[in-house]
Amino acid sequence: MSSTLILLIIAGYFCILILISFLTSKKGESTDSFFLANRASPWYVVAFGMIGTSLSGVTFISVPGMVENAQFSYLQLILGNMLGYFVVALVLMPLYYRLNLVSIYTYLEQRFGYWSYKTGAGFFLLSRTLGAALRLYLVTGVLQLAVFDSLGIPFEVTVIITIGLIWVYTFRGGMKTIIWTDTFQTLAMLVCVGITIITISQELNFSFNGMVNAVSESKFSQVFFWDVKDPRYFFKQFFSGFFISIVMVGLDQDMMQKNLSCKNLKEAQKNMFSFTVIILFVNILFLSLGALLYLYAQSKGIALPAKGDNVFPFLALNYFSAFMGIVFILGITAITYASADSALTSLTTSFCVDFLDFKNKPETQRVRLKNWVHLAFSVILAVVIVIFKIVNDESVVQAVFKVAGYTYGPLLGLYSFGVFTNRPVRDSLVPFLCVVAPILTYIISLNSVDWFWGYEFGFEVLILNGFLTFMGLYAISRKKTEFVDVTQAP
């Protein structure tokens with residue numbers, strides 16, 4: 001497979017993204033357009049584009065690669081996700097629309113105070129920066145292997161090219177552009193997955209029914225696990241998925257910024273409910289792809305890499321046709337950039353609104369600051385990707401959720417306490433509390449096998465972290481009879 005050909009196809013793909021950027025944005029548009037697309041995004045377009053944003057390259061590579069060891073147990077987590085999405089749509093989104101928020105962390109200032117607000121926004125910046133860097137590291141590594149190594153281009157230069165391309169098509173239009181580029185990229189990703197599944201099925205001489213039967217009857221297809229000590233235990237996965245979806249959608253500026261760009265609450269809820277149904281079927285598609293990859297390797301006598309993350313790239317770039325290799329490169333590029341471009345915009349939005357006091361600055365100054373912040377976060381992401389390459393030695397999907405468990409936990413505790421109680425807290429102590437809770441969570445998780453009769457924590461560290469934060473907030477709170485609940489503000 002020619003590296004030059006792949007490079008030309010990727011260049012053409014990004015030319016399409018840049019064209020979409022110019023068609024959906026105008027020179028000199030306001031920061032309101034950059035942040036929330038003037039609150040005029042069609043809900044069905046947002047719903048479709050959110051598929052790509054929520055999945056990323058992690059799903060594209062790691063989920064198919066995990067079926068050998070985890071089977072279809074990932075669906076247990078997805079079922080929990082679905083329940084969490086309903087909570088986001090029915091509890092958090094009405095709150096955000098009622099308060100007319102640009103940054104969702106503004107709620108924390110109204111509910112608790114200045115330090116709680118800055119702490120919540122700070123944890124988001126940390127979480128999203130690390131998460132976006134992890135996802136971009138994945139696709140950059142694949143591009144490095146498939147294209148840039150043969151051209152003698154070092155990894156660091158590949159990272160600069162990767163980030164630079166995102167900056168080019170997002171710096172002017174922001175969310176107004178991303179709503180449409182993500183829709184295009186989600187479509188491109190799903191087409192690539194579909195082509196891959198059809199091609200493997202044809203190689204194995206499967207009809208559609210034969211493919212379905214082969215996957216369902218394989219050793220990979222078990223969904224539910226009931227051994228409490230098994231990392232795949234149903235309730236562990238289900239409740240982890242429930243809380244993960246709340247924090248990584250409902251308490252995440254990146255995902256909620258798309259929802260807040262809809263015309264009104266009703267349309268935003270239509271978006272979330274549609275997304276909830278579609279995401280289940282898309283994940284079944286990825287797990288089925290994983291089963292087919294392993295069945296293909298078994299039938300051909302191919303020795304696969306020990307690391308699940310490498311299975312799909314290994315087969316696509318070494319055993320599939322040149323056309324399928326290109327399809328794979330386009331698929332992972334599309335899905336990863338759909339996640340990363342909106343992350344860059346949300347990081348810019350949060351920092352501008354939450355730390356630069358944008359609401360009290362003139363528009364000309366806001367535009368200038370927004371451009372500099374956007375560029376700064378592009379550089380930060382590039383640096384973190386290079387660092388992650390040096391230190392990472394585990395499955396990317398595990399790393400992403402491990403990071404989320406420790407950095408999103410305080411947000412889970414803050415919002416839970418704010419929404420479900422009416423107790424004011426000692427605001428100045430909140431930053432300290434939100435640092436201590438993840439540390440205690442790590443200590444408990446590290447020793448859980450010895451302390452809790454062999455129980456091993458997985459994704460549910462998020463729940464423990466949020467619970468410790470909640471209890472800490474209760475400890476530094478007090479009753480107040482005349483308390484104004486901002487969830488009922490006009």
For Met248 and Met255: C-alpha separation, side-chain torsions, deciding distance, then whether side chain to side chain contact (heavy atoms under 4.5 Å, CB included) applies.
CA-CA 7 Å; Met248 297 190 75; Met255 296 297 289; over 6 Å; no
Could you check Phe275 against Ile278 for side chain to side chain contact (heavy atoms under 4.5 Å, CB included), going step by step and ending with a plain yes or no?
CA-CA 5 Å; Phe275 167 77; Ile278 295 170; 5.9 Å; no
Got more than 12 heavy atoms from elsewhere within 6.0 Å of OH, Tyr13?
yes
For Phe467, does the CZ atom sit with more than 12 other heavy atoms under 6.0 Å from it, leaving out its own atoms?
no
Evaluation steps, ring-ring contact (aromatic ring centres under 6.0 Å, His included), between Phe124 and Tyr105:
CA-CA 9 Å; Phe124 162 72; Tyr105 307 111; 5.4 Å; yes
So, are Arg128 and Asp252 salt-bridged, with charged N and O less than 4.0 Å apart?
yes
Distance in Å, Leu411 CG paired with Ile104 CD1, rounded so as to fall on 0.5 Å steps:
8.0 Å
Passing option when Phe328 is tested against Phe314, Phe312, Phe320 for ring pair (Phe, Tyr, Trp, His ring centres under 6.0 Å):
Phe312
Answer yes or no: is there a donor N or O on one side and an acceptor on the other, between the side chain of Thr186 and the main chain of Thr183, under 3.5 Å?
no
Side chains of Lys258 and Ser342, donor plus acceptor under 3.5 Å
yes
Show, in sequence, the C-alpha distance, side-chain angles and deciding distance for Asp354 and Tyr117, and conclude whether the side chain to side chain donor-acceptor pair (under 3.5 Å) test is met.
CA-CA 8 Å; Asp354 299 326; Tyr117 170 39; 2.7 Å; yes
Spacing of OH belonging to Tyr169 relative to CG belonging to Leu344, to within rounding of 0.5 Å
9.0 Å
Please test Val430 against Phe112 for side chain to side chain contact (heavy atoms under 4.5 Å, CB included), starting from the C-alpha separation and ending with a verdict.
CA-CA 9 Å; Val430 170; Phe112 296 125; 5.6 Å; no
Measure across His374 and Trp167 and return the closest heavy-atom pair with its distance rounded to 0.1 Å.
ND1-CD1, 3.2 Å
Got more than 12 heavy atoms from elsewhere within 6.0 Å of CH2, Trp115?
no
Using the ring of each side chain (for Trp, its six-membered ring), is Tyr96 parallel, tilted or perpendicular to Tyr415, with breaks at 30° and 60°?
perpendicular
Spatial distance of atom CZ (Phe238) from atom CG (Asn81) [nearest 0.5 Å]:
9.5 Å
Donor-acceptor pair between Gln257 and Thr349 side chains, under 3.5 angstrom
yes
Atom CE in Met272, atom CH2 in Trp43: separation rounded to 0.5 Å?
12.5 Å
Verdict with supporting geometry, Leu92 and Leu251, side chain to side chain contact (heavy atoms under 4.5 Å, CB included)
CA-CA 8 Å; Leu92 291 174; Leu251 306 183; 3.8 Å; yes
Side chains of Asn465 and Tyr406: any donor to acceptor distance under 3.5 Å?
no
Taking Ala437's backbone N and O only, do any of them form a donor-acceptor pair with Thr441's side chain (distance below 3.5 Å, no angle check)?
yes
Tell me whether Tyr107 contacts the main-chain N or O of Gly418 through its side chain, where contact means a donor paired with an acceptor under 3.5 Å.
yes
